[in-house]
Amino acid sequence: MLSVSSVNTFYGNIQALRGVDVTVDEGEIVTLIGANGAGKSTLLMTICGSPRASSGTITFDGEDITHRPTDQIIGSGIAQSPEGRRIFPRMTVMENLQMGSITAPAEKFVENLEQVFELFPILKERSDQRGGTLSGGEQQMLAIARALMSQPRLLLLDEPSLGLAPMVVKQIFRVIKEINQRQRVTVFLVEQNAFHALRLAHRGYVMVNGVINLTGTGSELLANREVRAAYLEGGHG
């Protein structure tokens, strides 16, 4: 479904991605783990066209999207829930969800709304509440729900567990699994919480300084000594 091939990305003179190769097959949950500043978020943003890849190729469903405008990329069936949630704090929950539905067929709005309320019942209760007054966990739920309102085939999730309490983290990961299995949405997940991410994922990649240096199934990476030493030991699990 998604293929990133030999992609290089720069911020000015600083190279953030170095010859990155990643594939995500239809129906999978694929995770990308790595330390802060490794380039994980840059990869997701590059897939969406901002920043633009300086070289290499990104294809979605066999079509080259490397140089397409971001609105066309999103309209093709990709949605992103960004790092830090970035909801509209002064808008209500319902207004945030309406913003997410702009690229989806209007006749699908009610159906999509019912699906996200089934995933996140608390959002239905809070539908008239301003986004900025929600708890951190509820804001993360809203960010994911807003992305799902566009009826994506590929969902890009950037650090969905960041800053959340352990119980909320478990809930978020349960919902990601449900999105993949019940709604049949393919998921590309960027996470620092390697333990939960690799347990959930069919396959994973490890990024260090803008380079993919390890890949394998989720269970293979969980058992890998390098991965355990760098991301799972010392309380990181």
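Keep in mind that this is a model prediction, so the values were computed, not measured. Side chains included, hydrogens not; waters and symmetry mates left out as well; all remaining heavy atoms used.
With hydrogens and angles disregarded, a donor-acceptor distance shorter than 3.5 Å links the side chain of H202 to the backbone of I29. Side chain of S81 to backbone of L157: no donor-acceptor contact under 3.5 angstrom is found. The backbone N or O of D158 lies less than 3.5 Å from no partner atom in the side chain of E83, so there is not a single donor-acceptor pair. Under a 3.5 Å cut-off, the side chain of R228 and the backbone N or O of L222 do form a donor-acceptor pair. Under the 3.5 Å distance criterion, the side-chain polar atoms of D61 are left unmatched by any main-chain donor or acceptor of E63. For the pair Y205 (side chain) and T23 (backbone), a donor-acceptor distance under 3.5 Å is present. Here the side chain of T186 pairs a donor or acceptor atom with the backbone of G27 at under 3.5 angstrom. Remark: the backbone N or O of L32 is not paired with any side-chain donor or acceptor of K40 at under 3.5 angstrom. Put simply, the side chain of S101 never gets that close to the backbone of A104: no donor and acceptor are under 3.5 Å apart. Using modelled atom types, one side-chain atom of T215 and one backbone atom of G204 make a donor-acceptor pair closer than 3.5 Å.
In terms of heavy-atom proximity, A53 sits nearest to T66 at CB-CG2, 4.2 Å. T31 approaches F188 most closely through the heavy-atom pair C-CE1, 4.5 Å. The shortest non-hydrogen separation linking P160 to I176 is CG-CD1, 4.1 Å. Smallest separation of non-hydrogen atoms from P51 and T42: CG-CG2, 4.4 Å. Summarising the geometry of F117 relative to S127, their closest heavy-atom pair is CZ-CB, 4.4 Å, with the distance given to 0.1 Å. Looking at every heavy atom in both residues, A147 comes nearest to A79 through O-CB, 3.5 Å.
In this structure, CD1 on I73 lies 5.0 Å from CD1 on I65, to the nearest 0.5 angstrom. The distance from atom CG of N193 to atom CG of L232, rounded to the nearest 0.5 Å, is 9.0 Å. The CD atom of Q80 lies 7.5 Å from the CZ atom of R86; values are rounded to the nearest 0.5 Å. Distance check, rounded to the nearest 0.5 Å: CZ of F109 to CD of Q151 gives 12.5 Å. The structure places CD of E118 at 12.0 Å from CG of L113, a figure rounded to the nearest 0.5 Å. Once rounded to the nearest 0.5 Å, the distance linking CG of L142 with OG of S135 reads 10.5 Å.
Between S161 and the options H196, Q192, E191, a side chain to side chain donor-acceptor pair (under 3.5 Å) holds for only E191. Shown are V206, V208, I33; of these, the side-chain contact (heavy atoms from CB on, under 4.5 Å) with L214 is made only by V206.
Crowding of R52 atom CZ: a count of heavy atoms from other residues, nucleotides or ligands under 6.0 Å exceeding 12. Heavy-atom contacts from other residues, nucleotides or ligands closer than 6.0 Å to CZ of R68 number more than 12. Other residues, nucleotides and ligands contribute over 12 non-hydrogen atoms within 6.0 Å of the CG atom of N213.
Criterion: ILVMFWY side-chain heavy atoms under 4.5 Å apart, direct or through other members. Under it, F10 and V7 are not part of a common hydrophobic cluster. V30 and L156 end up in the same hydrophobic cluster when Ile, Leu, Val, Met, Phe, Trp and Tyr side chains are linked at under 4.5 Å. Hydrophobic clustering, with ILVMFWY side chains joined whenever heavy atoms are under 4.5 angstrom apart, groups I58 together with M1. Cluster membership for V22 and L155, using ILVMFWY side-chain heavy atoms within less than 4.5 angstrom, is not shared. Note: the hydrophobic cluster containing V185 also contains L200 (ILVMFWY, side chain heavy atoms under 4.5 Å, direct or indirect links).
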**Q.** Working for side chain to side chain contact (heavy atoms under 4.5 Å, CB included), residues V4 and L43
**A.** CA-CA 9 Å; V4 177; L43 177 56; 4.1 Å; yes
Q: List the steps, then state whether side chain to side chain contact (heavy atoms under 4.5 Å, CB included) holds for L119 with L148.
A: CA-CA 10 Å; L119 286 169; L148 289 172; 3.7 Å; yes
Q. Does the pair S5 and S3 meet the rule for a side-chain hydrogen bond (donor to acceptor under 3.5 Å, both in side chains), with working shown?
A. CA-CA 6 Å; S5 179; S3 176; 5.5 Å; no
Q: Let me see the working for M141 and R126 under side chain to side chain contact (heavy atoms under 4.5 Å, CB included), right down to the final yes or no.
A: CA-CA 12 Å; M141 294 173 195; R126 304 271 196 269; over 6 Å; no
Q | Intermediate values then yes/no, side-chain hydrogen bond (donor to acceptor under 3.5 Å, both in side chains), N8 and S55 | A | CA-CA 5 Å; N8 295 286; S55 61; 2.9 Å; yes
(Q) If you apply the rule side chain to side chain contact (heavy atoms under 4.5 Å, CB included), what do you find for L97 with T92, and how did you get there? (A) CA-CA 9 Å; L97 296 175; T92 66; over 6 Å; no
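Annotation: side chain of M207 is not in contact with side chain of V190 (no heavy-atom distance under 4.5 Å). E138 places none of its side-chain heavy atoms less than 4.5 Å from the side chain of F120. At least one side-chain heavy atom of I144 sits under 4.5 Å from a side-chain heavy atom of I172. The shortest side-chain heavy-atom distance between N96 and M91 falls under the 4.5 Å cut-off. The side-chain heavy atoms of D21 and I212, taken from C-beta on, include no pair separated by under 4.5 Å. A 4.5 Å side-chain heavy-atom check between V116 and L123 finds every atom pair outside the cut-off. Between L189 and F173, some side-chain heavy-atom pair lies under the 4.5 Å cut-off.
If you check the side chains of T46 and T9, you find a donor sitting under 3.5 Å from an acceptor.
Both tests hold for R146 against F88: distance to the six-membered ring centre under 6.0 Å, angle to the ring axis within 45°.
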